[in-house]
Amino acid sequence: MDKPKTIFKYEDYNTYTLQNLKSQIIYFGSPKNFNDPYDCAITAGLEMPTGEELEEIRVYYLAQPNLLVKTKIEFESLPAKELECIIIKAVAEQLKYFKQKFLVEFGASCFSEKNDNLLMWSHYGGHYKGICCEFYTEHEPFTLLRKVQYNDEMPKIKVTSIIHDEIGGKVVELFFTKAKAWEYEQEWRIFNTKSG
């Protein structure tokens, strides 16, 4: 979907909002402080690997030059079920690591396609007493906007993403995914490499 020409940000009317307006600053808050406790509290499911994918992962690790001979022998002879358990645990740990890193380090700023949504005014616009700013999207940082996808279920991550070095990217994708119940927000987001 193409970016809208302008985008809106609902704000409470307070000192911080006025300071940001005066200084022409966009605040990138920590995703840990979002009003939806499930937003960015991602628990992505893992897609169960096929036999072919397990073998792909086994071959990948056996080809690592720094793998100890003892480990190599053990890894070669592991039954598929044990290998599956080890791999799923490793991928789950990687997901947890990237999620925590993202939540601690990154900042987010959220926008809407609409400036006249009553629920948005209630949730983000100071309970109908705030302001709504309009921004042209052809200017920085709005060129980095990405649309939030609304789904009934969180997408699942393939375990082979660990060997293709895709886990970090897959986790970032999840931060642009929300429950279908929030679809009325018509949200777009920008993430920054640090919050504040």
Side-chain angles (χ1 to χ4, degrees), residues 1 3 7 9-11 16 25-50 52-54 56-58 60-61 64 66-67 75 78 81-113 119-120 123-124 140-196:
M1 179 185 183
K3 251 186 299 197
I7 200 86
K9 187 165 189 68
Y10 295 82
E11 294 275 0
Y16 296 116
I25 291 172
I26 300 291
Y27 182 75
F28 288 87
S30 171
K32 293 189 293 186
N33 300 327
F34 283 176
N35 70 327
D36 173 8
Y38 298 105
D39 192 354
C40 295
I42 295 163
T43 51
L46 291 175
E47 200 174 286
M48 294 308 285
T50 64
E52 195 176 279
E53 289 170 332
L54 283 175
E56 181 185 352
I57 293 169
R58 186 191 310 261
Y60 172 79
Y61 280 109
Q64 297 306 304
N66 57 351
L67 197 62
F75 205 70
L78 268 178
K81 204 66 189 160
E82 281 184 54
L83 180 62
E84 182 180 85
C85 288
I86 290 168
I87 290 167
I88 287 171
K89 185 177 178 185
V91 174
E93 284 298 314
Q94 282 290 303
L95 281 173
K96 184 178 173 184
Y97 166 78
F98 278 107
K99 175 187 157 191
Q100 284 307 113
K101 180 178 169 65
F102 197 88
L103 288 174
V104 168
E105 294 177 6
F106 279 65
S109 201
C110 305
F111 305 87
S112 176
E113 291 180 28
L119 283 174
M120 295 292 283
H123 294 159
Y124 306 105
E140 290 286 345
F142 304 102
T143 54
L144 303 173
L145 278 166
R146 284 184 52 189
K147 185 159 182 56
V148 169
Q149 301 302 309
Y150 301 95
N151 297 321
D152 289 322
E153 296 177 9
M154 285 303 272
K156 294 196 174 194
I157 294 179
K158 291 177 82 65
V159 293
T160 51
S161 62
I162 196 168
I163 64 171
H164 299 298
D165 208 19
E166 298 171 340
I167 293 254
K170 298 288 182 192
V171 169
V172 170
E173 289 296 318
L174 296 174
F175 285 102
F176 290 96
T177 306
K178 289 179 80 167
K180 204 104 169 127
W182 295 91
E183 199 166 23
Y184 69 88
E185 291 184 340
Q186 296 181 307
E187 185 178 346
W188 290 70
R189 288 181 173 175
I190 305 171
F191 280 98
N192 195 2
T193 51
K194 57 183 178 177
S195 62

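Remember, it's a predicted structure, so these values are computed and weren't measured experimentally.
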(message) Is there a side chain to side chain contact (heavy atoms under 4.5 Å, CB included) between Tyr184 and Met120? Walk through the geometry before answering.
(response) CA-CA 9 Å; Tyr184 69 88; Met120 295 292 283; 4.1 Å; yes
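- When all heavy atoms of Ser195 and Gly29 are compared, the closest pair comes out as CB-C, 4.2 Å.
- The backbone N or O of Glu185 lies less than 3.5 Å from a partner atom in the side chain of Ser112, making a donor-acceptor pair.
- At least one test fails for Lys178 against the ring of Tyr150: distance under 6.0 Å to the centre or angle within 45° of the axis.
- Residues Phe111 and Ile7 come closest through the heavy atom pair CB-CG1, 3.3 Å.
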(request) Output, in order, the C-alpha distance, side-chain angles, deciding distance and verdict of side chain to side chain contact (heavy atoms under 4.5 Å, CB included) for Tyr60 and Thr160. (result) CA-CA 10 Å; Tyr60 172 79; Thr160 51; over 6 Å; no
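- By the side chain to side chain contact (heavy atoms under 4.5 Å, CB included) test, Tyr16 is found to be paired with Asn14, Gln19, residues two or more places apart in sequence or in another chain being considered.
- Here the side chain of Ser109 pairs a donor or acceptor atom with the backbone of Tyr27 at under 3.5 angstrom.
- Checked against ring pair (Phe, Tyr, Trp, His ring centres under 6.0 Å), Phe28 has no partners two or more places apart in sequence or in another chain.
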(request) Begin from the C-alpha positions of Lys96 and Glu93 and carry the test salt bridge (charged side-chain N to carboxylate O under 4.0 Å, His left out) through to its verdict. (result) CA-CA 5 Å; Lys96 184 178 173 184; Glu93 284 298 314; 5.1 Å; no
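- For Lys180, the NZ atom is densely surrounded, since the number of other residues' heavy atoms within 6.0 Å is greater than 12.
- Nearest approach of Lys156 to Leu46, heavy atoms of both residues: CD-O, 4.2 Å.
- Here the OG1 atom belonging to Thr193 is positioned 6.0 Å from the CZ atom belonging to Phe106, to the nearest 0.5 angstrom.
- Between Lys147 and Trp188, the shortest heavy-atom distance links the atoms N-CE3, 3.3 Å.
- By the 4.0 Å N-to-carboxylate-O rule, Glu84 lies close enough to Lys81 to be salt-bridged with it.
- Atom-to-atom distance recorded for Gln94:CD and Lys99:NZ is 15.0 Å, nearest 0.5 angstrom.
- You'll find the side chain of Glu53 stays beyond 4.5 Å of the side chain of Met48, heavy atoms only.
- Looking at Lys3, its side chain does come within 3.5 Å of a backbone N or O of Thr143 through a donor-acceptor pair.
- Considering CD of Glu82 and CD1 of Ile87, their distance stands at 11.5 Å, rounded to 0.5 Å.
- Nearest heavy-atom pair across Leu103 and Pro31 is CD2-CB, 3.7 Å.
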(request) For Phe98 and Leu174, run side chain to side chain contact (heavy atoms under 4.5 Å, CB included): C-alpha distance rounded to whole Å, both residues' side-chain angles, the deciding distance at 0.1 Å, then the answer. (result) CA-CA 11 Å; Phe98 278 107; Leu174 296 174; over 6 Å; no
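- The only member of Arg189, Glu187, Glu173 that meets side chain to side chain contact (heavy atoms under 4.5 Å, CB included) when paired with Arg146 is Glu173.
- Counting heavy atoms of neighbouring residues, nucleotides and ligands inside a 6.0 Å radius, atom CD of Glu52 does not exceed 12 of them.
- In this structure, Phe191 has its ring center closer than 6.0 angstrom to the ring center of Phe102.
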